[in-house]
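What follows is one structure encoded as structure tokens, with my remarks underneath.
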Protein chains: 2
Amino acid sequence: MLDLADDVLPYPPSEADPDRRGKPFVASVGKCFQVLKAFRRGQTELRQRDLGLSEICKLSGLDKSAAQRFSETLVTLGYLEKDPGTRRYRPGIALIDFYYTFMVSHRLAQIAMPILIEASKVYDTTVNLCEMEGTDAIYTVRIPQAKASYGTMLAGRRVPAFCASPGTVMLAHMPEDEADAVLAASDLRKITEYTLTDIPALKAQMAEARRLGYHVSDQQSQIHNVSTAAPVLLMDGRAVAAVHIPGYAPQWNLESVHEKLVPLAVDTARRISDSLTDAM
Amino acid sequence: MLDLADDVLPYPPSEADPDRRGKPFVASVGKCFQVLKAFRRGQTELRQRDLGLSEICKLSGLDKSAAQRFSETLVTLGYLEKDPGTRRYRPGIALIDFYYTFMVSHRLAQIAMPILIEASKVYDTTVNLCEMEGTDAIYTVRIPQAKASYGTMLAGRRVPAFCASPGTVMLAHMPEDEADAVLAASDLRKITEYTLTDIPALKAQMAEARRLGYHVSDQQSQIHNVSTAAPVLLMDGRAVAAVHIPGYAPQWNLESVHEKLVPLAVDTARRISDSLTDAM
DNA sequence: ATGAAAGTATCGCATTGTGATACATAGTTT
DNA sequence: AAACTATGTATCACAATGCGATACTTTCAT
């Protein structure tokens, strides 16, 4: 039995944040999102798609009454579904609406999509677009390949920025103080035995990524995965995203990745950068 | 200038609903989602990605104070972003999290994904998976093609069930009273000049779809689009989803769609149905 | 300059959410 | 079966919290 709870989640979510102090904040809204987030934790920590009320309590940090109020509210709104038999809750299909709301107005994704699709056909590989959010890189566009695993096909996945190639490359092409702040806020724990966790080594790696214009991560976030990333840059040199192409063993190794996937990633990222600046 | 507002959205969202009466409901939560929904309306009705506070008021039905409170709350939580210069709000990247939360636990999508990818390669076409939500068909999985338009690549898009082939085919394979209820609740307005809007004609069309096991819609929801859909069925014959393959003119016409896309859609849907029942 | 419209801040009131408690139901163990 | 435990549901008095009218500030058009 896993021990949940306790690292009780960032709530109340600000009053700590510098420039959010004093802004109006409706606590109930924060709590409802704690409930929705509980399902994500439930999936990673408990490996189950549906949660009972008491599990929601533990994972959200809310008491029983609150958990019930918010869960039922979310059911009424369609964002959770409730199995009448088991009385357990699960994510509702209406949640997809917000993905659409975000993506449909996301110019970067719109521009990148056809270019990424083309790129995926070159070697029949998965190709992803990543963007920074806090200390994570989030996959926003993924062009899937039939043989890939389901989890690696889904947009919305998060990976700690410090230990994955898209993160490295975005941190590298970012004002240094911002990058430092991200590293400082990151939970620097080893994901695999190859994960770098000390700041100087990470900064050296970032410097090299900046120099080369790409980064190859050798099993630092996943065993048997040598993955490449190249930055999508604005004219001022800031990275707004990264193109990420994973290469899985045994099909790909460090050498073939350098020979084939690196140029592809760099070129794809550059084409996106160009289209982006043209469009402005 | 479009007149917005007024059809002030279904709020308070239940007390009307039969079996949701008396369930605890936190009004603030409902209102925060009104704000998020406002962005979707803003995109379709105003064609703009970001909204000012007063636009949020109109589109959400909230007063100025409430709109501000909830918008700022959502900014603090990361679900909206605010441009400091223009003071306008736009959807935040964190919204993607909920897509992931839903999809990662969605067995149907997991099973369907590789099968849909295979299908998309046969004629290099877009292939979609749709599911019912209220009176709409929602696209939950989409395998994009480079030449397609961005809007048709995004999961989360909704189409009224009555006038699109995936909807027709799902309604057809549904207990009749449920299908009738959906039609009754639908806003039966012509989308194109070919849209059927009278119930008997729609029911005849559904009957034929049930008989054939697929449906081809000829420009009923979009001009120059002849699209095919076939139902994904459980063992009891109920549809849980539909495979949808659009065929755009001039590349595709009614004849070539029948010859090629119909068998592909039917076969793909059947393979998903089989995998689904195997997995249980 | 002037005015209108949009955005932000303030604050007393009472509505609304709160959470302790009690009750009901499901699932397990003896 | 009965007894027990855990989990889910309902109730309710209190006051904290969200409410929204008002006033203030900024921005943009004229």
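A, B, ... follow the sequence lines: proteins, then strands. Residue 1 opens every chain.
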What is the distance, to the nearest angstrom, from the CD1 atom on B:Ile56 to the C1' atom on C:dA6? 12 Å

Of A:Leu51 and A:Val29, the one whose nearest nucleotide on DNA chain D sits closer to the 5' end is A:Leu51

Is it the case that C:dG7 (base atoms only) and B:Arg88 (side chain only) share a donor and an acceptor within less than 3.5 Å, ignoring hydrogens and angles? no

Rounded to whole angstroms, how far apart are CD on B:Glu72 and P on D:dG18? 15 Å

Tell me whether the count of non-hydrogen atoms from other residues, nucleotides or ligands lying under 6.0 Å of CD in A:Gln48 goes above 12. yes

Could you check which of C:dT18, D:dC19, D:dT9 has an atom nearest any side-chain atom of A:Arg87? D:dT9

Salt bridge (Lys or Arg N to Asp or Glu O under 4.0 Å) for B:Asp97 and A:Arg158? Distances and angles first, verdict last. CA-CA 9 Å; B:Asp97 285 348; A:Arg158 288 169 178 264; 2.8 Å; yes

Under 30°, 30 to 60°, or over 60°: which ring-plane class applies to A:Phe98 and A:Tyr79, parallel, tilted or perpendicular? tilted

Does B:Ser54 place a side-chain N or O at less than 4.0 Å from the phosphate oxygens OP1/OP2 of C:dG7? yes

Counting heavy atoms from C-beta on, name the nucleotide in D:dT9, D:dG18, D:dC19 closest to the side chain of A:Ala27. D:dG18

Which nucleotide in the set C:dA9, D:dT9, D:dG18 lies at the smallest distance from any side-chain heavy atom of B:Ser28? D:dG18

Start with the C-alpha distance between B:Tyr89 and B:Glu55, add both sets of side-chain angles, then the distance that settles side chain to side chain donor-acceptor pair (under 3.5 Å), and finish with yes or no. CA-CA 10 Å; B:Tyr89 300 86; B:Glu55 288 165 323; over 6 Å; no

Give the C-alpha distance, both sets of side-chain angles, the deciding distance and a yes or no for side chain to side chain donor-acceptor pair (under 3.5 Å) between B:Tyr100 and A:Arg40. CA-CA 8 Å; B:Tyr100 186 83; A:Arg40 184 135 184 186; 5.2 Å; no

In whole angstrom, give the distance that lies between atom CG of A:Leu53 and atom P of D:dT9. 7 Å

Assess the pair B:Phe33 and A:Phe33: is the distance between their ring centroids shorter than 6.0 Å? yes

Is the shortest distance from a Lys or Arg side-chain nitrogen in B:Glu178 or B:Arg238 to a carboxylate oxygen in the other one below 4.0 Å? yes

Rounding to an integer number of Å, can you tell me how far B:Phe70 CZ sits from D:dG20 C1'? 12 Å

Can a side chain N or O of B:Lys82 be found less than 4.0 Å away from OP1 or OP2 on C:dT8? yes

Can you check the B:Phe25 CZ to C:dT15 C1' distance for me, whole Å? 16 Å

Using whole Å, what does the distance between atom P of nucleotide D:dT9 and atom CG of A:Asp83 come to? 12 Å

Taking Watson-Crick and G-U wobble contacts under 3.5 angstrom, with | marking pairs to another strand and [ ] crossing pairs, the secondary structure of DNA chain C is written ||||||||||||||||||||||||||||||

Looking at B:Lys64, I'd like to know whether one of its side-chain N or O atoms comes within less than 4.0 Å of OP1 or OP2 on C:dA5. no

Over how many whole Å does the gap from B:Arg69 atom CZ to D:dG18 atom P extend? 8 Å

Could you check how far CG of B:Leu62 sits from P of D:dA21, rounded to whole Å? 13 Å

